[in-house]
Amino acid sequence: IKKKKLRPVVYSLPLPLLRHSSSRTFQIDYDKDCFLKDGELFRYISGSIHYSRIPQYYWKDRLLKMYMAGLNAIQTYVPWNYHEPTPGHYNFTGDKSLEHFLQLCNDTGLFVILRAGPYICGEWDMGGLPAWLLQKKSIVLRSSDPDYLASVDRWMSVLLPKVKPFLYQNNGPIISVQVENEYGSYFACDYDYLRHLVKLFRYYLGNDVVLFTTDGAGKSYLKCGTLQGLYATIDFGPGGNVTQLFTVQRHAEPRGPLVNSEFYTGWLDHWGQKHSTINKAFVAKSLDEILALGANKNMLQCALNEFCSSKGANSPYLPQVTSYDYDAPLSEAGDPTDKYFAIREVIRKYKKVPAGPVLPATPKFAYGTVLVKKVIQFYNLICIKLCFFYSGARYDMSFGFMLYRNALPRNCSDPCPLSSPLNGVHDRAYVTVDQVFQGILERNKIISINITGRAGAQLDLLVENTGRINHGKDINDAKGLVTNLTLASDILTDWTIFSLNIDEVVATGHLNKLQRPQSPMYTPATTVPSFYVGAFQIPSGIPYMPQDTYLKFQGWSKGQVWINGFNLGRYWPTKGPQLTLYVPAHILTTSVPNNITVLELERAPCGEELNTPCAVEFVDTPVHWGIEFQSLGTERLKARPPMVGRLGRGTWSRPEP
Ligand SMILES: CCCC/N=C1\SC[C@@H]2[C@H](O)[C@H](O)[C@@H](O)CN12
């Protein structure tokens with residue numbers, strides 16, 4: 001087949017058929033302990049970028065900045081639940097267009113190391129596995145459980161044929177494909193599962209592509225995470241003895257290239273914990289040591305954002321923040337940081353770094369304060385014109401909220417304890433009686449509150465999913481009321497359950513048309529989950545407008561926000577450390593007013609009884625390390641001292657298998 005050089009294409013056209021070219025090869029040389037690309041020694045220095053966390057609008061910008069850093073490859077995860085939100089329904093369009101992303105990598109001159117799952121971890125909801133797998137209560141995820149494997153087979157029969165044309169051997173950018181992720185850290189240790197995956201990947205991708213695994217740098221991890229036919233690689237952060245750490249890989253791969261598949265240039269953040277940072281000099285020193293060994297490596301290079309609601313959580317239950325800043329070399333807005341340039345200088349010692357200016361930080365604009373007004377309490381949403389809540393839905397919703405409604409079975413004129421003895425509120429429940437706020441039940445934190453109300457009064461629990469555990473044995477993380485609640489000595493049963501896809505509600509624009517409170521029950525109380533709406537005009541005719549910006553919720557408590565129907569994610573300034581939300585320019589417009597919709601779940605800093613207007617503020621600099629004390633103003637937590645001598649494992653250590 002005549003070899004065709006890929007030409008940049010107009011993406012509205014179907015992607016050019018990438019033909020298999022027999023001359024292109026990418027292999028492992030076990031004699032020379034290296035990779036060979038077309039028979040020549042090849043070492044990759046790659047950076048992680050998650051297409052699923054960046055709008056397609058900015059993919060090229062980020063990839064170019066990664067190329068200019070001197071990287072020759074990128075690494076990316078494929079989150080299964082991002083593409084198959086409901087069983088048998090697939091989405092690879094727009095921001096989910098994996099093929100477009102791969103084509104852009106190819107056009108930018110970056111090879112791709114594809115981490116195809118099915119499980120990925122990645123601080124992504126349930127580690128990328130779709131929540132609908134939990135409809136089988138007894139399912140054993142990441143194992144040879146027949147129901148799990150049947151879903152994996154169907155998913156891979158869709159994904160892998162899309163991947164194959166982009167393999168290096170077929171003139172594409174993909175030089176290797178990872179199977180599963182850190183399987184050695186998982187309790188199942190099911191070699192039949194790994195063997196099944198190898199067969200599956202080989203069936204669809206052929207025998208030429210390099211397949212590999214990644215595990216923590218510990219022999220105990222490699223025991224269950226590796227398999228004959230999958231090249232074993234490891235991950236570790238800065239601060240360790242790199243020579244010694246690579247001897248762990250040698251335990252599984254006595255010959256072949258040294259590979260660190262995850263060199264942590266930063267670390268993740270949880271709500272309520274301090275922002276994680278790793279000192280740039282510390283990173284540069286370890287990077288230098290790794291490259292001096294001739295090792296291949298991938299580092300988390302491009303911070304990202306988590307729009308919509310795909311954030312994960314860790315166990316014991318700790319939800320992760322909206323921003324995936326990770327103290328990465330490229331910020332969540334794609335801005336090169338000092339760490340980026342420090343890394344670029346280390347890479348320059350080992351390979352040619354593209355000349356020319358590095359793309360600058362994108363301009364940010366502080367659009368200022370925008371007034372918002374309260375238009376409706378959450379509970380009144382159940383049926384207004386369009387019935388947004390629907391009862392009897394699958395109780396284990398994928399994302400968002402569910403409303404559990406009941407009648408008080410007894411008189412609680414004197415307070416009664418409403419409890420979740422088995423910690424079954426997953427994850428936060430906002431409790432009202434006849435729409436008077438009673439308090440919050442929170443997984444692992446608050447499992448009992450006192451409530452008051454007459455017998456027969458309407459008891460509502462608005463239950464919020466704040467992210468599924470994405471690592472370890474607890475990833476079967478169903479949401480809603482997963483165990484019974486008791487009221488005093490009564491077990492509460494016969495709940496009426498409503499599900500609500502708030503993105504749909506907001507997308508209708510209906511809330512923005514509401515001119516005044518919608519219910520005689522409307523109370524100015526600022527402690528009932530409520531929607532606030534506002535609009536702001538960005539003047540047209542100004543060059544380079546609109547620009548990126550950050551949204552700040554001074555004095556607000558916790559909620560979600562949408563701009564022009566785009567779900568920007570969760571804000572939680574009373575927990576921190578993230579106090580601003582990144583707003584990419586492409587969701588803004590100058591042609592019409594921009595709509596903003598806020599769902600405040602706890603307490604807004606405004607309203608009639610506070611005699612203060614409700615407002616949010618667009619600023620031009622992010623804050624990732626603060627906490628908003630109610631009416632005490634913003635106080636910045638002292639940023640964590642650099643993690644010296646740690647393996648970049650953050651505030652909790654890798655659990656032993
Ligand atoms: C102690 C950590 C064990 C879990 N592994 C983690 S936590 C942060 C990172 C990312 O999730 C990454 O996606 C994992 O592969 C490795 N890792």
Side-chain angles (χ1 to χ4, degrees), residues 46-53 74-82 113-129 142 177-188 212-218 220-222 224-226 230 232-240 245 248-249 259-270 273 275-278 297-304 306 310-321 323-328 467-475 477 643 646-657:
S46 82
S48 285
I49 173 173
H50 302 170
Y51 67 90
S52 54
R53 288 180 153 119
I74 64 99
Q75 194 182 80
T76 198
Y77 281 125
V78 181
W80 177 3
N81 56 13
Y82 191 57
I113 295 131
L114 190 75
R115 307 176 87 176
Y119 165 83
I120 61 169
C121 195
E123 290 66 66
W124 192 269
D125 192 84
M126 218 161 119
L129 300 178
R142 306 175 71 191
V177 175
Q178 181 179 313
V179 176
E180 252 281 353
N181 190 40
E182 294 198 320
Y183 192 60
S185 300
Y186 190 62
F187 73 93
F212 70 99
T213 57
T214 295
D215 278 287
S220 53
Y221 298 122
L222 298 179
C224 295
T226 61
L230 296 173
T233 76
I234 57 172
D235 56 34
F236 58 85
L245 286 162
V248 173
Q249 186 192 5
V259 181
N260 176 348
S261 289
E262 280 182 24
F263 174 70
Y264 303 107
T265 56
W267 194 248
L268 60 109
D269 283 345
H270 297 105
Q273 294 196 331
H275 178 47
S276 302
T277 58
I278 301 185
K297 60 157 301 304
N298 172 72
M299 59 189 127
L300 195 117
Q301 180 74 8
C302 180
L304 319 121
E306 198 64 59
S310 319
K311 276 319 295 181
N314 281 305
S315 181
Y317 194 76
L318 274 175
Q320 290 136 12
V321 301
S323 165
Y324 206 54
D325 177 80
Y326 235 87
D327 191 36
R468 282 184 182 80
I469 292 171
N470 55 256
H471 168 75
K473 62 179 175 47
D474 299 326
I475 57 173
D477 191 4
M643 282 188 273
R646 300 178 65 143
L647 301 187
R649 283 293 176 197
T651 52
W652 38 280
S653 59
R654 174 193 293 277
E656 282 307 317

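Just so it is clear, the structure is predicted and the values come from calculations on it, not from any experiment. Remember, it's 1-based here, ligands and their atoms both numbered in the order they're listed. In this chain, residues are counted from 1 in sequence order.
Considering backbone and side-chain N/O atoms, Y326 never comes within less than 3.5 Å of an N/O atom of ligand 1. Among the atoms of E123, some N or O lies under 3.5 angstrom from an N or O of ligand 1. In terms of polar-atom proximity, Y77 is counted as a contact of ligand 1, with an N or O under 3.5 Å from an N or O of the ligand. The N/O atoms of L268, backbone and side chain alike, include none that comes under 3.5 Å of an N/O atom in ligand 1. Annotation: E262 places an N or O atom under 3.5 Å from an N or O atom of ligand 1; distance criterion only.
Close approach of ligand 1 to H471 is summarised as follows: ligand atoms under 4.0 Å from at least one heavy atom of the residue are 3 (C), 4 (C). For ligand 1, the atoms closer than 4.0 angstrom to any heavy atom of W267 are 7 (S), 8 (C). Remark: ligand 1 atoms within the under-4.0 Å shell around heavy atoms of I120 are 13 (O).
In this structure, NZ on K297 lies 12.5 Å from CD1 on I234, to the nearest 0.5 angstrom.
Between the side chain of Y221 and the backbone N or O of G216 there is no donor-acceptor pair closer than 3.5 Å. D235 contributes no side-chain N or O that, together with a main-chain N or O of N260, makes up a donor-acceptor pair within less than 3.5 Å.
In Y119, neither the side chain nor the backbone holds a heavy atom less than 4.0 Å from any atom of ligand 1. Within the 4.0 Å heavy-atom criterion, the part of N181 lying near ligand 1 is the side chain and not the backbone.
Donor-acceptor pairing under 3.5 Å is recorded for the side chains of S48 and N298.
At a threshold of 4.5 Å between non-hydrogen side-chain atoms, the residues F236 and V248 do not count as touching.
Classification of E262 and R115 as a salt-bridged pair holds, one side-chain N sitting under 4.0 Å from a carboxylate O.
Ring-plane geometry between Y264 and W267 is classed as perpendicular, the angle between the planes exceeding 60 degrees on a 0 to 90 degree scale with a lower cut at 30.
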